[in-house]
Amino acid sequence: MADRGRQYLLMADEDLMALVESEDSGAFAGLYDRHVRAAYSLAYRMMGDRQAAEDLAQEAFLEVWRAARSYRADRGSVRTWILSIVHNRGIDQLRSSASRRRTQDKVEAVAVTTQPSEAFAETWRNSQRVQVREALKVLPPEQLKVLELAYFSGYTHLEIAELLDLPLGTVKGRMRLGLKKIRGYFEDRGMAVPG
Amino acid sequence: MSGPTRAPGGDPDRTRFDELAAAYALGALTGEERLWFEAYLAEHPELNAEVDELESVADLLALAPAEQEPSPGLRRSVLERVGAPREILSEAPPRRERREGGRRWFLRPQVLAAAAAVLFAVVGLLAWNFSLRDQNGDLRDEVAERRTIQMEGSGLASNAGGEVLMTGDDQAVLVARELPPPPEGEVYETWIIRDGVPEPAGLFEPRDGDAATTVRGSMEGAEAVAVTLEPEGGSPMPTSDPILVAPLA
């Protein structure tokens, strides 16, 4: 089993997916170990609560297990696929009104309890996935806000317009320009959009 | 990545499609709009590439959240649900997400301690060698980069000490001694301080008071490495004062 475990560590994600299709739980464990942090981080950002984030991450990985056959390498990386499952399931949960109210409460609570200690008075910023975060920095705050409300909080553009008291056309425009600027960030540097 | 002004021939449906495309990629359409959008897309497959491009950009947002550490119990729970055998359940998961395979052994504290010892020896030998042969400027620079910064303990770890070993390629290893066991439900978390801002750099547990762990993340521009006690699973930002600090600047 130990030798087998080492083999999994050396395999590409796509090869592990092929084994997961045939219900190889060791390969699935390998995928889990590689991608759980990214999946959980996204889940936590969306749900604002550790338990809810773990529930969401668990549901998403179980869907990876059940729906491995639906993964198509030509549509994107395994990581992107797993994160899209987390995102889609998270949106579904957020869009139930009861869940949304609960999450808002939790986000507010988290905002209070996760203030850095006095020794770390500066605003929190994580250096992981630097490229994406640097790309987001080029966005004007009003565009970033609209993208975050849509992507992480699951609001429709109509809801965002109402929430921010903006014309719907303005919200649509900010979404379009925001995505365009992120794309432009990578193009200007001759970089491919990370997949 | 077109805007709504691109609608050819003033086609109102195409204009609507362009207006909705970004919101579609972000998952921000209402159910009715989404159905309309997907029906239009099905009738105009030539627009698939444009939508794919928008979706690939929107997908990047999934990578933006601050990194979080799930609880170890999540791994067991997920793997039990798929019927994984006991051997897999009992495998220690990597501390951090690793995309490339075959390096998990490197995370073991014993190996890291040995690596640190080897690093000390290499630095010493290189320094001695270069003192005799002051010829190769490039190698001298390399030695200068492999420096050791002492850490002093405070608070719960006032008797603790250690070093941060800079490996010269923007990476570092943290070695700590005489660390008390963390209180129940807490772990030690390492931070890289850059521009006064803490960035998570991994969790670790001392064994018999000793710990050796890689500092996760680039050390480029780092001002300090610090260690705090955090709730089990780690924190997105420090919730307590540092108990070990190595000033790098």
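This one's a predicted model, so the numbers in the text were calculated from it and none came from an experiment. Below, chain A is the first sequence line, B the second, and so on; all start at residue 1.
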Might you point out which heavy atoms bring A:R75 and B:E55 nearest each other, and give the distance in Å? NH2-OE1, 4.3 Å
Ignoring hydrogens, what is the shortest heavy-atom contact between B:I88 and A:G26? Give both atom names and the distance. CD1-CA, 3.3 Å
Please check: side-chain N/O of A:R183 versus main-chain N/O of B:S56, any donor-acceptor pairing under 3.5 Å? no
Atom pairs and distances, side-chain donor-acceptor, residues 166-173 of chain A, under 3.5 Å, sequence neighbours left out:
none

Please walk me through it: do B:D59 and A:W81 pass side chain to side chain contact (heavy atoms under 4.5 Å, CB included)? CA-CA 9 Å; B:D59 285 343; A:W81 183 65; over 6 Å; no
Starting from the C-alpha separation in whole Å, work towards a yes-or-no answer on side chain to side chain contact (heavy atoms under 4.5 Å, CB included) for A:F186 and B:L60. CA-CA 11 Å; A:F186 291 98; B:L60 293 179; 3.5 Å; yes
Can you name the residues that form a side-chain hydrogen bond (donor to acceptor under 3.5 Å, both in side chains) with A:H157, not counting sequence neighbours? B:E33
Nearest-0.5 Å distance, CZ of residue A:F28 to CG of residue B:L79: 6.5 Å
If you count heavy atoms of other groups shown closer than 6.0 angstrom to CD of A:E14, is the number above 12? yes
Taking C-beta and beyond as the side chain, do A:M175 and B:E19 meet within less than 4.5 Å on heavy atoms? no
Give me the atom names and distance for the closest heavy-atom approach of A:L179 to B:V57. O-CG1, 3.4 Å
B:E38 CD: over 12 foreign heavy atoms closer than 6.0 Å: yes
Does this structure show an ion pair linking B:D18 with A:R176, if we count only N-O contacts that are shorter than 4.0 Å? no
Answer key: most heavy-atom pairs under 4.5 Å with chain A among B:A25, B:A21, B:S77 is B:S77
Separation between OG (A:S25) and CD (B:E80), nearest 0.5 Å, reads 12.0 Å
Got more than 12 heavy atoms from elsewhere within 6.0 Å of CZ, B:R81? no
Considering all heavy atoms, the nearest B:A28-A:Y155 contact: CB-O, 3.6 Å
Close contacts, residues 54-63 of chain A versus chain B, judged by heavy atoms under 4.5 Å: A:E54, A:A57, A:Q58, A:F61, A:L62
Other residues, nucleotides and ligands only: do more than 12 of their heavy atoms fall within 6.0 Å of CD on B:Q150? yes
Validation row: A:Y44, B:P70 side chains within 4.5 angstrom (heavy atoms): no
CG (A:D74) with more than 12 external heavy atoms under 6.0 Å: yes
Restricting to non-hydrogen atoms, name the atom on B:P236 and the atom on A:R50 that form the minimum distance, rounded to 0.1 Å. CD-NH2, 3.7 Å
A:E142 meets the salt bridge (charged side-chain N to carboxylate O under 4.0 Å, His left out) criterion, sequence neighbours left out, with none
Testing the basics here: between A:R133 and B:A64, what is the closest heavy-atom pair and its distance to 0.1 Å? NE-O, 2.8 Å
Evaluate salt bridge (Lys or Arg N to Asp or Glu O under 4.0 Å) for A:D33 paired with B:R75, printing each intermediate quantity in order. CA-CA 8 Å; A:D33 289 339; B:R75 184 180 194 275; 2.7 Å; yes
What's the verdict on side chain to side chain contact (heavy atoms under 4.5 Å, CB included) for B:Q68 and A:R37, showing C-alpha distance, side-chain angles and the deciding distance? CA-CA 6 Å; B:Q68 305 285 332; A:R37 288 180 59 82; over 6 Å; no
Looking at CG of A:L158 and OG1 of B:T30, how far apart are the two atoms once the value is rounded to the nearest 0.5 Å? 6.0 Å
Intermediate values then yes/no, side chain to side chain contact (heavy atoms under 4.5 Å, CB included), A:L83 and B:L63: CA-CA 9 Å; A:L83 293 178; B:L63 302 176; 3.7 Å; yes
Could you tell me the separation between the CG atom of A:L147 and the CG atom of B:L26, rounded to the nearest 0.5 Å? 5.5 Å
Under a 4.5 Å cut-off applied to non-hydrogen side-chain atoms, are B:L61 and A:L42 in contact? no
